[in-house]
Amino acid sequence: MKTTLLYGQHGLSIEVPDHAVLVEPHDIPGIKHEEQAVIEALRNPIGSPALRSMVKATDRVAIVISDITRPTPNHKLVPWIIQELGHVPLEQITIINGTGTHRDQTREEFVQMLGSWVVENVRVINHHCQNAQELVKVGDSRFGCEAYLNKEYVEADFRIVTGFIEPHFFAGFSGGCKGIMPGIAGLDTIMSFHNARMIGNPLSTWGNMVNNPLQEMAREINLMCKPEFLLNVTLNGKKEITGVFAGELFAAHAEGCAFAKEHAMVRCEERFDVVITSNSGYPLDQNLYQAVKGMSAAHQIVKQGGAILCAAECSDGIPNHGNYAKILRSADTPQQLLAMIEDPSYQMFDQWQVQKQAVIQTWADVYVQSSLPDEEIRSAMLKPMHDITDKLKELQHIYGENMSVAVLPQGPLTIPYVDEKQPIPSV
């Protein structure tokens, strides 16, 4: 049986056994008239007055967007927001790129993300989580840290956050509060948000918004300087808009999460010897750091001692920013990495991604097909492979002719799960 994984910008065709199980979200067609749907949502929002009526012509407006690793269609959403705010002079609008701890975007990337008209006519800036001069304290978190956010966001008269709602491997779902926390938070605040205890909590997992400590902290810090308006969307595998959720931060996001959960959660009868996954293609599979999400989706349904085959193009490398690669070189085994990260005295940003990866690797073998050299894959404690179909044939010698296989063509756009009395341990 042939199937195609979301991989890079063009996909990856593979051959799998005829008995392999395809695990995909329910197929939802894109909205035919996207602009009309978004404008309607801005004018008749959830739990909020219409956007235009809330913004005065004299207001300084901040629009927070997600960075280039997310497929949020801001080249559509932002111009439609600005169109709706036609009474506000363009020089009073600032677009803040919510990089979190990620790298800056270049001007060319901003054009790709927002369109040339926006970049040429509206001020667009990158958030810098480590630059104290660009941050301001908004309060003290009950999670044990001071809360710092982007100064231009805090000082704006009206704040808008955009985003894309999809299953998230430790925050339950993306979008909503995550656009602000960690999108435009200070590094120390992000470190508390992503510490080993928070990431290792069993409630910090795919599709769970109830008592999820990451969501609780994100909500708490958003309330310290709440965005006045949210515009989030859901997308299908073709990156077409399938749902628009606009209005009050919590109410609109909750409706979006319920919609995404209904269509993205897929129950499997049992675990599989081998699970093949993508990382949802470009832009999410730009680097190996992000590919941990695809591995985590597969982790939900692979047998202990099984194998995960992950296809992620990694056109942007490991990447070369942050500490992900450095942390991986700090130990010899995933078990050693976990012990190091779980030590309360250890603190290094990007440790959360390594922690999630190490948990997966203590459960199953992880193979990666990408554009990276084999030595770079091995340096991340992962196993390189060059052809998934060939690797399946090799694995039959381990798991037998009746080897069970599942395929997640859209990777973490799907939340696969198996009903079990004993769930997979998170640490």
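Quantities reported herein were computed from a predicted structural model and do not represent experimental measurements.
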Taking C-beta and beyond as the side chain, do [X] and [Y] meet within less than 4.5 Å on heavy atoms?
X: Ile318; Y: Tyr289; result: no
X: Val118; Y: Phe110; result: no
X: Ile39; Y: Gln83; result: yes
X: Leu12; Y: Gln369; result: yes
X: Ile93; Y: Arg60; result: no
X: Glu216; Y: Arg142; result: yes
X: Val38; Y: Ile81; result: no
X: Val122; Y: Ile63; result: no

State plainly whether the residues [X] and [Y] are in salt-bridge range, i.e. N to O under 4.0 Å.
X: Glu166; Y: Lys293; answer: no
X: Arg43; Y: Glu84; answer: yes
X: Asp419; Y: Arg267; answer: yes

[X], [atom1]: over 12 other non-hydrogen atoms inside 6.0 angstrom:
X: Glu91; atom1: CD; result: yes
X: His19; atom1: NE2; result: yes
X: Glu35; atom1: CD; result: yes
X: Lys383; atom1: NZ; result: no
X: His87; atom1: NE2; result: yes

Check your understanding: Do the numbers put Arg159 on top of the ring of Tyr153, so that NZ or CZ is under 6.0 Å from the six-membered ring centre and no more than 45° off the axis?
Key -> yes

If every non-hydrogen atom of [X] is compared with every non-hydrogen atom of [Y], which pair is closest and at what distance?
X: Ser379; Y: Leu328; answer: O-CB, 4.0 Å
X: Gln355; Y: Ile199; answer: OE1-CB, 3.5 Å
X: Gln290; Y: His102; answer: NE2-CE1, 3.4 Å
X: Gly256; Y: Ile165; answer: CA-CD1, 3.5 Å
X: Leu284; Y: Arg70; answer: CD1-NH1, 4.1 Å
X: Val233; Y: Pro73; answer: CG2-CD, 3.8 Å

Check your understanding: Run the side-chain hydrogen bond (donor to acceptor under 3.5 Å, both in side chains) check on Asn131 and Glu134 step by step: do they pass?
Key -> CA-CA 6 Å; Asn131 189 335; Glu134 297 181 18; 3.1 Å; yes

Gap between atom [atom2] of [Y] and atom [atom1] of [X] - 0.5 Å precision:
X: Gln357; Y: Ile327; atom1: CD; atom2: CD1; value: 10.5 Å
X: Leu135; Y: Tyr148; atom1: CG; atom2: OH; value: 8.5 Å
X: Ile301; Y: Leu408; atom1: CD1; atom2: CG; value: 5.0 Å
X: Asn74; Y: Ile95; atom1: CG; atom2: CD1; value: 8.5 Å
X: Glu146; Y: Lys137; atom1: CD; atom2: NZ; value: 3.5 Å
X: Ile190; Y: Met181; atom1: CD1; atom2: CE; value: 5.5 Å

Say whether, by atom type as modelled, one donor and one acceptor occur between the side chain of [X] and the main chain of [Y] under 3.5 angstrom.
X: Asn44; Y: Ala41; result: no
X: Asp59; Y: Val55; result: no
X: Arg271; Y: Gly306; result: no
X: Asn287; Y: Pro319; result: no
X: Asn236; Y: Ile28; result: yes
X: Asp285; Y: Ala312; result: no
X: Gln215; Y: Asn212; result: no
X: Ser13; Y: Thr4; result: no
X: Thr242; Y: Thr234; result: yes
X: Thr277; Y: Ala298; result: no

Practice item. Starting from the C-alpha separation in whole Å, work towards a yes-or-no answer on side chain to side chain contact (heavy atoms under 4.5 Å, CB included) for Phe173 and Ile415. Key: CA-CA 11 Å; Phe173 286 93; Ile415 312 171; 4.2 Å; yes

Parallel, tilted or perpendicular: ring planes of [X] versus [Y], cut at 30 and 60 degrees:
X: His194; Y: Trp352; value: tilted
X: Phe169; Y: Trp206; value: tilted
X: Phe259; Y: Phe245; value: tilted

Review point. In terms of side-chain heavy atoms, does His128 have a donor or acceptor partner in Asp104 at a distance below 3.5 Å?
Key: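 A pair is found: one side chain offers a donor N or O, the other an acceptor, under 3.5 Å apart.
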
Exercise for review: Please test Glu313 against Ser370 for side chain to side chain contact (heavy atoms under 4.5 Å, CB included), starting from the C-alpha separation and ending with a verdict.
Suggested key: CA-CA 4 Å; Glu313 187 181 44; Ser370 72; over 6 Å; no

Point to revise | Chi angles and distances behind the salt bridge (charged side-chain N to carboxylate O under 4.0 Å, His left out) call for Arg103, Glu109 | key: CA-CA 12 Å; Arg103 68 169 174 84; Glu109 287 172 328; 2.7 Å; yes

Practice item. Identify which one of Asn97, Thr69, Thr99 satisfies the side-chain hydrogen bond (donor to acceptor under 3.5 Å, both in side chains) criterion when paired with Gln105. Key: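 With Gln105 as partner, Asn97, Thr69, Thr99 yield a single side-chain hydrogen bond (donor to acceptor under 3.5 Å, both in side chains), made by Asn97.
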
Exercise for review: Show your working on side chain to side chain contact (heavy atoms under 4.5 Å, CB included) between Phe193 and Leu214 and close with a plain yes or no.
Suggested key: CA-CA 6 Å; Phe193 184 66; Leu214 287 125; 3.7 Å; yes

Exercise for review: Sequence neighbours left out, what passes ring pair (Phe, Tyr, Trp, His ring centres under 6.0 Å) with Tyr367? Give chain and number order.
Suggested key: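 Partners of Tyr367 by the ring pair (Phe, Tyr, Trp, His ring centres under 6.0 Å) criterion come out as none, since no residue qualifies.
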
Exercise for review: Before giving the answer on salt bridge (charged side-chain N to carboxylate O under 4.0 Å, His left out), spell out for Glu248 and Lys226 the whole-Å C-alpha distance, their side-chain angles and the decisive distance to 0.1 Å.
Suggested key: CA-CA 10 Å; Glu248 193 274 331; Lys226 188 182 176 186; 2.5 Å; yes

Review point. What's the verdict on side-chain hydrogen bond (donor to acceptor under 3.5 Å, both in side chains) for Gln410 and Ser280, showing C-alpha distance, side-chain angles and the deciding distance?
Key: CA-CA 5 Å; Gln410 298 183 40; Ser280 301; over 6 Å; no

Point to revise | side chain to side chain contact (heavy atoms under 4.5 Å, CB included) between Ile184 and Val161, intermediate numbers included | key: CA-CA 11 Å; Ile184 57 166; Val161 61; over 6 Å; no

